[in-house]
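The model shown is predicted, which means the values in this text are computed figures rather than measured ones. We count residues from 1, following the sequence as given.
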Amino acid sequence: FMYKLISSQSIYQYFGYDNPDMITSMINIILETNIQELKELSSFYEQDDFISIKKHLHKAKTSMSYIGALGTKKMLEQIELNLETSAKLNIKLQENLKAIEIELRDFLEKL
C-alpha cells in the first residue's frame, strides 16, 4: 500500500519482513517518543528554546529514515540549519506529523 509520507518498504527493510511484533513495538516507540516530542516543538518556539528544539530534531531524524518519511527528515534538517527563523517551517512540520501519525496507525492496523 502506498502512503504519502511514510514508506512501508522502508519499515520492513529496517525492522524485518517476518517480524510484525518487532515492527509494532518499534513504530509505537517512534509514535510515543519522536513524533510526540516533535509535536511539542511549538511550545519551545514560544520560549525561544532553540537548544531543546535542536535536541528533539536531532533525535527524530533517524526514526524518520526508519519509517521512510524522507521528506519530513529533510524538513527537520532544514529547521536545524535555520533554527532562529524556522517557526513557519515548524507549522508545516506539525501538519506533516499529524499525517504521519495517521499513516503509521493505518500501517499497524493492516500489519
Side-chain angles (χ1 to χ4, degrees):
F1 185 77
M2 288 296 292
Y3 291 100
K4 278 197 175 108
L5 296 174
I6 67 169
S7 156
S8 1
Q9 195 180 347
S10 291
I11 294 171
Y12 288 123
Q13 223 171 318
Y14 277 104
F15 302 125
Y17 286 87
D18 50 357
N19 201 339
D21 290 344
M22 163 88 153
I23 291 173
T24 301
S25 75
M26 290 310 290
I27 287 181
N28 280 323
I29 289 169
I30 290 170
L31 282 166
E32 288 159 24
T33 59
N34 302 118
I35 304 283
Q36 201 46 52
E37 286 175 0
L38 289 174
K39 285 170 80 176
E40 292 161 12
L41 286 184
S42 301
S43 63
F44 294 122
Y45 275 101
E46 287 162 22
Q47 300 154 29
D48 287 338
D49 182 355
F50 297 112
I51 291 165
S52 296
I53 293 171
K54 195 173 173 66
K55 200 168 67 183
H56 289 321
L57 291 172
H58 194 74
K59 266 175 61 181
K61 281 194 299 196
T62 311
S63 55
M64 291 302 136
S65 296
Y66 291 157
I67 60 171
L70 300 183
T72 305
K73 181 183 178 189
K74 212 166 248 144
M75 206 181 283
L76 297 179
E77 289 165 351
Q78 278 179 307
I79 293 173
E80 214 175 5
L81 288 173
N82 310 288
L83 276 180
E84 281 80 7
T85 57
S86 59
K88 272 204 178 99
L89 198 50
N90 177 55
I91 294 166
K92 194 172 184 298
L93 173 67
Q94 295 306 317
E95 290 165 14
N96 256 23
L97 292 171
K98 284 181 194 137
I100 285 176
E101 218 171 349
I102 291 166
E103 290 185 7
L104 284 175
R105 294 194 192 289
D106 182 74
F107 176 84
L108 286 177
E109 272 174 37
K110 293 184 165 90
L111 199 56

### Message
Quick check on side-chain contact (heavy atoms from CB on, under 4.5 Å): which of Thr24, Ile102, Ile27 does Phe107 satisfy it with?
### Response
Ile27
### Query
Roughly how far apart are Glu37 CD and Ile53 CD1, rounded to 0.5 Å?
13.0 Å
### Task
Hey, could you give me the CG/CD1 distance between Leu41 and Ile79, rounded to the nearest 0.5 Å?
7.0 Å
Of the non-hydrogen atoms in [X] and [Y], which two are nearest, and what is the gap between them?
X	Y	answer
Leu111	Pro20	CD2-O, 3.5 Å
Ile11	Ile67	CG1-CA, 3.7 Å
Ala60	Asn34	CA-ND2, 3.7 Å
Ser65	Tyr14	O-CE1, 3.3 Å
Met64	Lys73	CB-CB, 3.7 Å
Leu5	Ala99	CD1-CB, 3.5 Å

### Summary
Here the side-chain hydrogen bond (donor to acceptor under 3.5 Å, both in side chains) pairs for residues 90-99, sequence neighbours left out, are Ser42-Asn90, Thr72-Asn96, Asn90-Gln94
### Query
For the side chain of Ser86 and the backbone of Leu89, is there at least one donor-acceptor N/O pair under 3.5 Å apart?
no
### Query
Is Ser43 reaching over with its side chain to a backbone N or O of Glu40, donor-acceptor style, under 3.5 angstrom?
yes
### Query
Do Glu103 and Lys4 meet the salt-bridge criterion of a basic N to acidic O distance under 4.0 Å?
no
### 4.5 Å side-chain heavy-atom contact, Tyr3 and Ser8
yes
### Task
Could you note down all residue pairs passing ring-ring contact (aromatic ring centres under 6.0 Å, His included) where residues 28-55 supplies at least one of them, sequence neighbours left out?
Phe44-His56
### Query
Under the salt bridge (Lys or Arg N to Asp or Glu O under 4.0 Å) test, which residues partner Glu101, sequence neighbours left out?
Lys39, Arg105
### Partner set under salt bridge (Lys or Arg N to Asp or Glu O under 4.0 Å) for Asp48, not counting sequence neighbours
none
### Qualifying residues under side-chain hydrogen bond (donor to acceptor under 3.5 Å, both in side chains), relative to Lys61, sequence neighbours excluded
Glu80
### Message
Please enumerate all residues that pass side chain to side chain contact (heavy atoms under 4.5 Å, CB included) together with Thr33, with sequence neighbours excluded.
### Response
Ile29
